[in-house]
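Remember, it's 1-based here, ligands and their atoms both numbered in the order they're listed.
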Amino acid sequence: MIKEPIFVTRPLLPDIEKINSRMREIWNSKWITNNGNMHRELEKQLRSYLQVDNLSLFNNGTSALLLGIKALGLKGEVITTPFTFPATLQALDWNGLTPVFCDIDPQSLNIDADKIESLITEETCAILGVHVFGNPCEVEKIQLIAERYNLKVIYDGAHVFGTKIGDEAIGRFGDMTMFSFHATKLFNTVEGGGLAFRGDHLKERLDLLKNFGIAGPEEVLLSGLNAKMNEIQAAVGLEVLKIVEEERTRRIQIKEVYESNLKGINGIRIVTDLEEEKNSLQYFVIAINEENYGKSRDWVHEELKKYNIYTRKYFYPLCSDFDWYKHLESAQACKLPQAHKAVNQVLAMPFYGELEPEIVKNICQLLVEFQNPVGLVI
Ligand code: T4K
């Protein structure tokens, strides 16, 4: 029996002494938020790590996306995916924009670029794609559609810290890309987010939007929010960034253990199967086809709990099934067959650097034995 509960992830935590020393520096400076030194330093380092021209930091990924969309001044409809975390859609809601749900590609689980064009109307102002679990969207196709119809392209890149498409950093595609630095992400600032964007002109607007629209002691230029990253978050980020590459190396090894032990199990597909150097290594996700595997995803999810293993059914329920979207024509289940299939098959497995390879082997063995029960003892 696995003694301690095994969660889907654990936060990447630097040596506490490193954090203590950063905290002393912040305490001595008495500057704890509002564009402090650590914030400026982290923004600079992340701009370089993510290989983007412009980057703005936020208190979380959701506010980065929400205010990024606000900065674009959009009105009307936005074509997006139902298979995502609620935050993607909520960023549209808070901007008064109407989502138009587009079905997903069954392999990548991202918005199906071939189905976007038929959803465009006079009201469409943007396409909001999500690079789900680190698999990149079809950025070239999406860009061509956007140019043809004069639409903005926004990416929710909460899962793609450090991903590349070919040799190009993922944050360089579209008009903007949001990154989440939540505790559960490969790179974290406890809570936090970043927005990479095209065009220097947006920088000033974003700086205003995340600081109540305040331009100076006696000047408020627009209606914003408080969405600033503070010095403590930034300090954690500066230390976590130093250990991200080591974490990636450990995760590559864990990914390999999963891959070699899951190979050949009929009915299990690895969703996050990109080569290591293109992969954000943030999640290890499988899809269980009940017909071929013999057991449903929900059955596996529940059964693993008996062995102290806590997987997650991301992103169940589908966003198109939220009560407040049910009236939308594009939210009807018959229009989103692939999304409805995926949401019942996908399972995020435990995946983090400290996870012991032996435990991963045990989890895989369970998946083998669930299919062919022979008296399980772990
Ligand atoms: N867009 C997409 C596509 C996203 O996936 C997300 C966030 C966003 C936008 C929004 O970005 P942020 O505003 O969050 O920056 C988690 C995260 O809270 C959320 O950030 C993330 N996506 C989502 C996929 O996962 P939950 O509800 O699963 O979190 P929770 O608390 O159940 O944590 C999962 C496991 O992690 C726990 O079982 C144990 C472990 N854990 C968690 C925390 C918080 C720890 O060991 N320590 C911890 O401190 O949402």
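- The distance criterion of under 3.5 Å between nitrogen or oxygen atoms is not met by Y283 with respect to ligand 1.
- There is a protein heavy atom less than 4.0 angstrom from atom 33 (O) of ligand 1.
- Of the listed options L66, T184, N188, L89, T184 places a heavy atom closest to atom 16 (C) of ligand 1.
- At a 4.0 Å heavy-atom cut-off, ligand 1 does not touch E191 at all.
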Apply the test side chain to side chain donor-acceptor pair (under 3.5 Å) to residues Y49 and E245: give CA-CA distance (whole Å), side-chain angles for both, the deciding distance (0.1 Å), then the verdict.
CA-CA 11 Å; Y49 186 93; E245 287 311 310; 2.6 Å; yes

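- Within the structure, the closest approach of G193 to ligand 1 does not fall below 4.0 Å when heavy atoms are considered.
- In this structure, G192 has a heavy atom closer than 4.0 Å to ligand 1.
- A heavy-atom separation below 4.0 Å is not found between Y310 and ligand 1.
- A cation-pi arrangement is absent between R251 and Y352, since the terminal nitrogen or guanidinium carbon is not both under 6.0 Å from the aromatic centre and inside a 45° cone about the axis.
- Side-chain atoms of H182 and T184 form a donor-acceptor pair, as typed in the model, at a separation below 3.5 Å.
- Counting heavy atoms from C-beta outward, F101 and L89 have side chains that approach closer than 4.5 Å.
- Side-chain contact between I270 and E259 is present, with heavy atoms from C-beta onward closer than 4.5 Å.
- By the 6.0 Å and 45° rule, K255 does not stack over the aromatic ring of Y258.
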